[in-house]
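Down below is the structure, laid out as structure tokens.
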Amino acid sequence: MKKDDKKQQQYRINEQIRAAEVRIVGEGPDTVVVPTYRAIQMAEHKGVDLVEISPNAFPPVCRLIDYSKFQYQQKRKQKEMRQKQVKVDVKEIRFGPQTDDHDYNFKLKHAKGFLLEGDRVKAYVFFRGRSILFKEQGEVLLLRFAADLEEYGKVESMPSLEGKRMTMFISPKKSVAQRKQEEQQKAAASVERKAQQQKAPKEYTVPKVEGEDFDD
């Protein structure tokens, strides 16, 4: 077997299974333990493979299934799990210690959009030169920012000063993240449904000619 094939094949099948006996599942409500050679014969009789799905069990757990079909099912499960995961990005919002209302409201609008998308917001005030004297103003600005975003997100930690930056993180509320996840799942289901509809064979109905009777 080639090196690439070993990397792609995650499960042992048929003669690759080393255990003397295996437990077969998926053949009805009960499981059965049989010698491995007998399990391989059962698989050959059904025209499928003996696939070892739990090698660390005693005895190892196997299924009688077409290996290519089994691989497809595993890849589909992994794809569905990835689709269910919500990717959270961190978006930065920068202020000066004396930011005017117009600039503040502009950045507040962007922060609301980021949180609605399920992203975290890193808001910080940058103190340039002697503006570090206005650090209290920077803290007040960040706290005001958090209060205005209360409906959309929650503060992970209070503003903290590191060097010339005072930083605060705001995370989206769970309801927002869940809504994004549901939208992703609906979109994935819609794509899958359309793909299945395209694959489904179209029914063809033979038109009945008027005046013909096919009954005996």
Side-chain angles (χ1 to χ4, degrees), residues 3-4 6-11 53-56 71-198:
K3 184 177 180 181
D4 292 341
K6 288 183 178 180
K7 184 181 288 187
Q8 292 178 0
Q9 186 167 325
Q10 299 177 356
Y11 301 89
I53 58 176
S54 297
N56 296 326
Q71 282 185 310
Y72 171 77
Q73 291 175 347
Q74 295 300 307
K75 289 179 181 178
R76 185 172 181 179
K77 287 180 182 178
Q78 292 173 1
K79 182 180 179 181
E80 289 174 352
M81 289 178 63
R82 286 195 298 268
Q83 289 174 341
K84 290 179 181 179
Q85 294 175 347
V86 179
K87 183 181 179 182
V88 179
D89 293 325
V90 178
K91 305 294 186 180
E92 293 190 354
I93 300 289
R94 172 176 169 169
F95 293 101
Q98 296 176 317
T99 300
D100 59 41
D101 288 341
H102 176 77
D103 191 29
Y104 174 87
N105 290 328
F106 177 77
K107 292 176 179 179
L108 179 66
K109 181 180 178 181
H110 277 280
K112 289 179 180 178
F114 295 146
L115 292 170
L116 284 172
E117 286 293 321
D119 298 320
R120 294 171 70 212
V121 171
K122 176 183 178 181
Y124 67 93
V125 179
F126 183 75
F127 300 98
R128 190 187 304 275
R130 293 177 60 83
S131 65
I132 192 68
L133 299 173
F134 301 99
K135 62 181 180 180
E136 290 80 7
Q137 285 184 240
E139 184 176 7
V140 170
L141 187 149
L142 289 177
L143 293 175
R144 173 192 172 192
F145 194 61
D148 289 341
L149 292 171
E150 185 177 6
E151 182 182 348
Y152 304 89
K154 58 183 179 181
V155 178
E156 295 181 7
S157 60
M158 297 302 288
S160 60
L161 181 65
E162 293 183 9
K164 295 183 178 181
R165 286 189 180 190
M166 181 174 286
T167 306
M168 178 180 66
F169 284 91
I170 303 174
S171 59
K173 288 189 174 180
K174 283 188 177 180
S175 58
V176 175
Q178 288 172 350
R179 186 160 59 246
K180 181 180 179 182
Q181 179 176 343
E182 290 173 359
E183 290 174 355
Q184 289 177 340
Q185 291 175 353
K186 287 180 181 178
S190 176
V191 172
E192 181 69 20
R193 188 165 55 251
K194 289 180 180 179
Q196 291 296 332
Q197 290 174 350
Q198 291 176 352

Heavy-atom pair with the smallest gap, counting every atom of [X] and [Y]:
X	Y	answer
Leu115	Ile170	CD2-O, 3.9 Å
Thr99	Tyr104	CG2-N, 3.8 Å
Pro97	Val125	N-CG1, 3.6 Å
Pro159	Met168	CG-SD, 4.0 Å
Phe127	Leu161	CE1-CD1, 3.9 Å
Thr167	Tyr124	OG1-CB, 3.7 Å

Asp119 (side chain) donor-acceptor with Val90 (main chain) under 3.5 angstrom: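 Between the backbone of Val90 and the side chain of Asp119 there is no qualifying donor-acceptor contact (under 3.5 Å).
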
Quick one: does [X]'s side chain get under 4.5 Å of [Y]'s, heavy atoms only?
X	Y	answer
Pro172	Arg120	yes
Gln74	Tyr11	yes
Lys91	Lys122	no
Lys109	Asn105	no
Phe169	Val121	no

Atom NZ of Lys112: over 12 foreign heavy atoms under 6.0 Å: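 Enclosed: over 12 neighbouring heavy atoms sit under 6.0 Å from NZ of Lys112.
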
Glu150, CD: over 12 other non-hydrogen atoms inside 6.0 angstrom: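 It does not: Glu150 CD has 12 such atoms or fewer within range.
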
Aromatic ring proximity Tyr152/Phe114, centre distance under 6.0 Å: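 Between Tyr152 and Phe114, the centre distance exceeds or equals 6.0 Å.
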
[atom1]-[atom2] distance between [X] and [Y], expressed to the nearest 0.5 angstrom:
X	Y	atom1	atom2	answer
Leu143	Asp148	CG	CG	11.0 Å
Gln71	Arg76	CD	CZ	16.0 Å
Arg165	Phe95	CZ	CZ	13.5 Å
Leu116	Lys173	CG	NZ	11.5 Å
Lys77	Gln73	NZ	CD	6.5 Å

Carboxylate-amine/guanidinium contact Lys107 Asp100, below 4.0 Å: no

Whether His110 and Phe106 hold their rings parallel, tilted or perpendicular, with breakpoints at 30° and 60°: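 Taking Phe106 first and then His110, their aromatic rings stand perpendicular (interplane angle over 60°).
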
